[in-house]
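Written out below as structure tokens is the structure these notes cover.
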Amino acid sequence: MVDVLADVELYEFIGGLPPDLGELSERYRAQVAGSRTQDEEWLNWILRLGRSGPAMGFVQATITGSTADVAWVVGVRWQGMGFAVEAASRMIDWLTDRGVNTFTAHIHPDHKASQGVARSLSLENSGEVDEDGEEIWLLPVMHAEG
């Protein structure tokens, strides 16, 4: 993932700098340890090109109750090929099957590519803005009564 996350273009809208191996290792240790908030769960998946191909990015969800805040990052080399939509869609389907019924994403107002991914996932801009100036996109999922 160090190579995937090394491209400074990825940080145009999300801020920060590419992590080195030590920083990435620390980030992953923290993610594996999980949230310190009792009612919050962190889930993270690394995207690969095929079963044993190179890492291409990640999708993640922070779950609180029946709501998941979702995010996706695809390496610059693989952007524009539908990988973010495919991976995030599969994640949302998986989470829906496990009882999550509302999804949010926080997207920079100028990040047209992420807005396109959100639209492809049927998320809609809620009109709300978070404390970082990102727009909150929303997808409520209706579960079939049965």
Side-chain angles (χ1 to χ4, degrees), residues 1-139 141:
M1 284 300 298
V2 171
D3 291 339
V4 174
L5 299 176
D7 195 316
V8 294
E9 280 185 57
L10 286 176
Y11 304 89
E12 178 180 358
F13 299 109
I14 61 175
L17 297 170
D20 62 26
L21 181 58
E23 292 165 331
L24 194 56
S25 294
E26 276 301 310
R27 181 184 305 171
Y28 288 154
R29 271 193 281 284
Q31 288 175 345
V32 167
S35 174
R36 293 183 183 178
T37 304
Q38 188 172 2
D39 63 345
E40 182 178 83
E41 181 180 10
W42 295 345
L43 299 173
N44 300 277
W45 293 268
I46 292 182
L47 310 180
R48 291 193 166 280
L49 191 58
R51 286 196 178 274
S52 59
M56 323 170 7
F58 63 86
V59 292
Q60 59 188 183
T62 300
I63 302 168
T64 306
S66 62
T67 299
D69 189 45
V70 297
W72 49 85
V73 172
V74 172
V76 172
R77 174 179 166 192
W78 295 282
Q79 290 179 1
M81 299 180 196
F83 293 120
V85 172
E86 180 181 354
S89 178
R90 288 182 184 203
M91 174 180 61
I92 287 171
D93 288 347
W94 188 86
L95 292 168
T96 300
D97 289 346
R98 283 149 185 83
V100 175
N101 62 25
T102 304
F103 295 88
T104 59
H106 298 247
I107 302 174
H108 190 284
D110 296 328
H111 199 317
K112 302 304 181 208
S114 277
Q115 292 169 3
V117 170
R119 281 189 197 93
S120 292
L121 298 168
S122 299
L123 277 84
E124 297 178 358
N125 189 333
S126 70
E128 295 181 44
V129 176
D130 69 14
E131 63 277 357
D132 295 322
E134 293 185 322
E135 298 169 335
I136 301 173
W137 290 64
L138 178 65
L139 173 67
V141 177

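Inter-residue side-chain proximity for E135 and Q115 is flagged as met; some heavy-atom pair is nearer than 4.5 Å. Using a 4.5 Å heavy-atom threshold, the side chains of L43 and L95 count as touching. Between L138 and T102 the shortest side-chain heavy-atom distance falls below 4.5 Å. Contact of the D20 side chain with the E23 side chain is registered, since non-hydrogen atoms from C-beta on lie closer than 4.5 Å. In this structure, P18 and D7 have side chains that are not in contact, with every pair of non-hydrogen atoms separated by 4.5 Å or more.
Rounded to the nearest 0.5 Å, atoms CH2 (W45) and CH2 (W94) are 5.0 Å apart. Note that the OG atom of S114 and the CZ atom of R119 stand 11.0 Å from one another [nearest 0.5 Å]. Within the model, atoms CH2 of W137 and CG of N125 stand 5.0 Å from one another, a figure rounded to the nearest 0.5 Å. A distance of 6.0 Å separates NZ in K112 from CG in D110, rounded to the nearest 0.5 Å. Atoms CG and OG1, from N101 and T67 in turn, are 6.5 Å apart once rounded to the nearest 0.5 Å. Taking CG of L21 as the start and CE of M1 as the end, the distance is 12.5 Å to the nearest 0.5 Å.
Screening residues 96-136 for ring-ring contact (aromatic ring centres under 6.0 Å, His included), with sequence neighbours left out, gives F13-H108, F13-H111. Listed by first then second residue, pairs satisfying side-chain hydrogen bond (donor to acceptor under 3.5 Å, both in side chains) with a partner in residues 47-62 read N44-Q60, not counting sequence neighbours.
The shortest heavy-atom contact between A105 and W72 is CB-CH2, 4.0 Å. A pairwise comparison of heavy atoms in P109 and G133 identifies CD-O, 3.4 Å as the closest pair. In this structure, L121 and L139 approach most closely via the heavy-atom pair O-CD2, 3.6 Å. Across G99 and S66, no two heavy atoms sit closer than the pair O-CB, 3.7 Å. Closest approach of A55 to V4, counting heavy atoms only: O-CG2, 3.1 Å. Summarising the geometry of G16 relative to Y11, their closest heavy-atom pair is O-CB, 3.4 Å, with the distance given to 0.1 Å.
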Exercise for review: Give the C-alpha distance, both sets of side-chain angles, the deciding distance and a yes or no for side chain to side chain contact (heavy atoms under 4.5 Å, CB included) between V70 and V59.
Suggested key: CA-CA 7 Å; V70 297; V59 292; over 6 Å; no
Exercise for review: Using the side chain to side chain contact (heavy atoms under 4.5 Å, CB included) rule, take L49 and F83 through it: C-alpha gap first, then chi angles, then the decisive distance, then the call.
Suggested key: CA-CA 9 Å; L49 191 58; F83 293 120; 3.8 Å; yes
Exercise for review: Step by step, work out the side chain to side chain contact (heavy atoms under 4.5 Å, CB included) result for V73 and L5.
Suggested key: CA-CA 9 Å; V73 172; L5 299 176; 4.2 Å; yes
Check your understanding: After noting the C-alpha distance and the side-chain angles of D39 and T64, does the key distance pass the side chain to side chain contact (heavy atoms under 4.5 Å, CB included) rule?
Key -> CA-CA 6 Å; D39 63 345; T64 306; 4.1 Å; yes
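Between the side chain of D130 and the main chain of D132, a donor-acceptor pair closer than 3.5 Å is present.
Contact check on E86 versus R90 returns a salt bridge, with a Lys/Arg side-chain nitrogen under 4.0 Å from an Asp/Glu carboxylate oxygen.
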